[in-house]
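Comments concern the structure below.
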Amino acid sequence: MIQQVKELVLKDIRLNWRERYALYSMLLYVLSTSYVAYLSFEGVISNNSWIALFWIIVLFAAMNASLQSFKRELNQQALFFYTLANPRAIILSKTIYNSGLLILLSLLSYGIYSVFLGNPITAHLSFVLCIILGSSAIASTLTLVAAIASKTNNSSGLMAVLSMPLLFPLLLNLIKTSKLCLNNDIAFVAVNQLVFLALLNIVSALLSYLLFPYLWRD
Amino acid sequence: MKIKWWKILGILLVLYSIIAGLLMPVPKLNILNETIRNLYFHVTMWFSMIFLMLMSLIQSIRYLSSFDKLRDLKAETLASTGIFIATLGLTTGMIWAQFTWGTFWVNDPKLNGAAVTMLIYLAYFILRNSIENEDSRARVSAIYNILAFVMMIVFIGILPRMTDSLHPGNGGNPGFGNYDLDSNMRMVFYPAVIGWILIGSWIAQLSYRIKVLEINKENK
């Protein structure tokens with residue numbers, strides 16, 4: 001099982017590296033939205049808007065990224081592929097791959113965003129942890145939702161409808177945690193919130209693990 | 001025609017809660033005053049909704065283990081009845097808020113939780129309608145139902161407790177918390193909860209039976 005998950009994650013990395021344009025498009029998305037934010041705020045932005053805008057950019061980057069994740073698994077060939085590997089290994093590998101991708105992406109966008117709009121965060125360690133836990137929670141929820149949406153005719157439209165209400169409370173929590181990171185001299189704050197985010201990761205991974213085997217066969 | 005005892009019990013309890021809820025004495029609290037009686041009609045709706053959604057979740061789980069189409073129909077009916085009850089809960093809450101807070105809606109964890117719950121279940125119905133194949137629709141929506149319920153419980157259960165809230169029962173506001181609910185109110189509140197749960201189940205049962213009849217008519 002663990003061996004399978006490892007192989008599948010490597011397969012995803014290799015395949016997506018071969019089609020790098022998708023990765024580049026996500027990077028360009030982050031770059032251009034940060035620049036648009038910089039232009040529209042003319043470089044002066046309040047701390048609260050800084051945080052809200054940052055998470056909105058991350059959220060839509062996550063939507064784009066996870067929409068790709070079941071693109072290849074829709075055709076007949078995929079059915080054969082599913083008989084080779086354990087479906088639980090497939091969803092775990094997808095979750096791990098998407099989480100890793102989104103963590104990288106949001107850390108990068110944190111950097112780009114800071115360059116354009118400045119960086120009001122003082123509790124850096126907490127904020128980076130918040131980014132890591134938050135983006136993996138977003139990614140693991142979105143992976144299962146993408147799998148559900150890929151079963152419908154209108155997957156890209158439905159993806160937003162299905163995932164927004166599920167992610168909205170998480171987003172509120174992330175914004176609250178980030179606000180706690182604003183005016184603190186200590187590097188590590190908001191322990192409760194971070195523990196909650198970690199728990200949320202476990203819950204959504206567990207749900208994917210339990211539910212996906214029912215989803216894949218048609 | 002068989003009338004089960006729980007339907008009569010449901011009618012009696014709700015009637016009792018309406019009469020006693022409007023006549024029995026209530027504690028005089030700041031700001032709330034007589035509007036505290038809304039407890040018997042607003043909070044009970046959410047209890048009833050959670051119960052119906054839980055039943056819907058159980059039917060979805062049982063669908064996934066048996067692939068019996070009637071279970072899927074039950075899950076859908078229970079969820080739509082739950083949404084109906086939630087709309088009533090939202091309306092009673094909004095009218096109460098207009099008189100107590102002076103506005104229909106505020107940005108508050110509990111209200112956000114209610115809004116998220118409604119959105120999640122509305123998304124569930126959109127998902128159902130966007131899949132043509134019946135088996136596939138039943139399976140995918142059962143999975144989303146399970147995911148939605150767990151997420152909803154996590155958020156409306158944990159998130160409001162992590163922050164202060166304007167809503168009664170939180171953050172030192174007088175209201176429906178354990179400290180303010182006196183024994184007189186408990187005597188009306190708990191029967192009202194049970195009564196509305198029974199009435200909600202009855203509505204769900206009736207609308208399920210109507211759907212079964214329609215399906216049978218189509219097949220003839």
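Lettering follows sequence order; numbering is per chain, from 1. The shown structure was predicted, so the numbers you read here are calculated from the model rather than taken from an experiment.
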Legend entry - Derivation of the side-chain contact (heavy atoms from CB on, under 4.5 Å) call for M159(A) and S66(A): CA-CA 10 Å; M159(A) 181 82 191; S66(A) 50; 3.6 Å; yes
Output yes when a side-chain donor or acceptor of [X] lies under 3.5 Å from a complementary backbone atom of [Y], and no otherwise.
X: S48(B); Y: T44(B); result: no
X: N16(A); Y: L23(A); result: no
X: H42(B); Y: G89(B); result: yes
X: R137(B); Y: N129(B); result: no
X: R71(B); Y: Q59(B); result: no

Inset, instruction - Consider only side-chain N and O atoms of Y113(A) and N119(A), and report whether a donor and an acceptor are under 3.5 Å apart. - result: no
Legend entry - Between S46(A) and S49(A): side-chain donor-acceptor atoms closer than 3.5 Å: yes
For [range], give me every residue with a non-hydrogen atom less than 4.5 Å from any non-hydrogen atom of chain A.
range: residues 115-128 of chain B; value: V116(B), L119(B), I120(B), A123(B), I126(B), L127(B)
range: residues 192-202 of chain B; value: none
range: residues 142-151 of chain B; value: I143(B), Y144(B), I146(B), L147(B), A148(B), V150(B), M151(B)

Inset, instruction - Before giving the answer on side-chain contact (heavy atoms from CB on, under 4.5 Å), spell out for F54(A) and I121(A) the whole-Å C-alpha distance, their side-chain angles and the decisive distance to 0.1 Å. - result: CA-CA 12 Å; F54(A) 174 72; I121(A) 300 294; over 6 Å; no
Inset, instruction - Let me see the working for Q205(B) and R209(B) under side-chain contact (heavy atoms from CB on, under 4.5 Å), right down to the final yes or no. - result: CA-CA 6 Å; Q205(B) 194 195 41; R209(B) 284 178 177 170; 3.3 Å; yes
Inset, instruction - Look at T152(A), V161(A), L211(A), L162(A) and state which one has the largest set of heavy-atom pairs under 4.5 Å with chain B. - result: L162(A)
Legend entry - Residues of residues 136-144 of chain A with any heavy atom under 4.5 Å of a heavy atom in chain B: T141(A), L144(A)
Inset, instruction - Enter the distance from L111(B):CG to M94(B):CE here, rounded to the nearest 0.5 Å. - result: 9.0 Å
Legend entry - Near-ring test F60(A)/Y29(A), centroid separation under 6.0 angstrom: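 Y29(A) vs F60(A): aromatic centres not under 6.0 Å.
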Legend entry - Ring centre gap for F47(B) and F51(B) strictly below 6.0 Å: no
Inset, instruction - I would like to know whether E134(B) and K69(B) meet side-chain contact (heavy atoms from CB on, under 4.5 Å); could you show each step before the answer? - result: CA-CA 9 Å; E134(B) 270 184 31; K69(B) 268 184 197 161; 3.5 Å; yes
Legend entry - NZ or CZ of R88(A) within 45° of Y209(A) ring axis and under 6.0 Å: yes
Inset, instruction - Would you mind reporting whether L180(A) and Q193(A) have side-chain heavy atoms less than 4.5 Å apart? - result: yes
Legend entry - I2(A), V9(A), L8(A) screened by side chain to side chain contact (heavy atoms under 4.5 Å, CB included) with V5(A), the one that passes: V9(A)
Inset, instruction - Run through L174(A), L170(A), L171(A) and flag the one making a side chain to side chain contact (heavy atoms under 4.5 Å, CB included) with L59(A). - result: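 Output: one option passes, namely L171(A).
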Need one label for [X]: side chain, backbone, both or neither, based on atoms under 4.5 Å from any heavy atom in chain B.
X: L158(A); result: side chain
X: L210(A); result: neither
X: L207(A); result: side chain

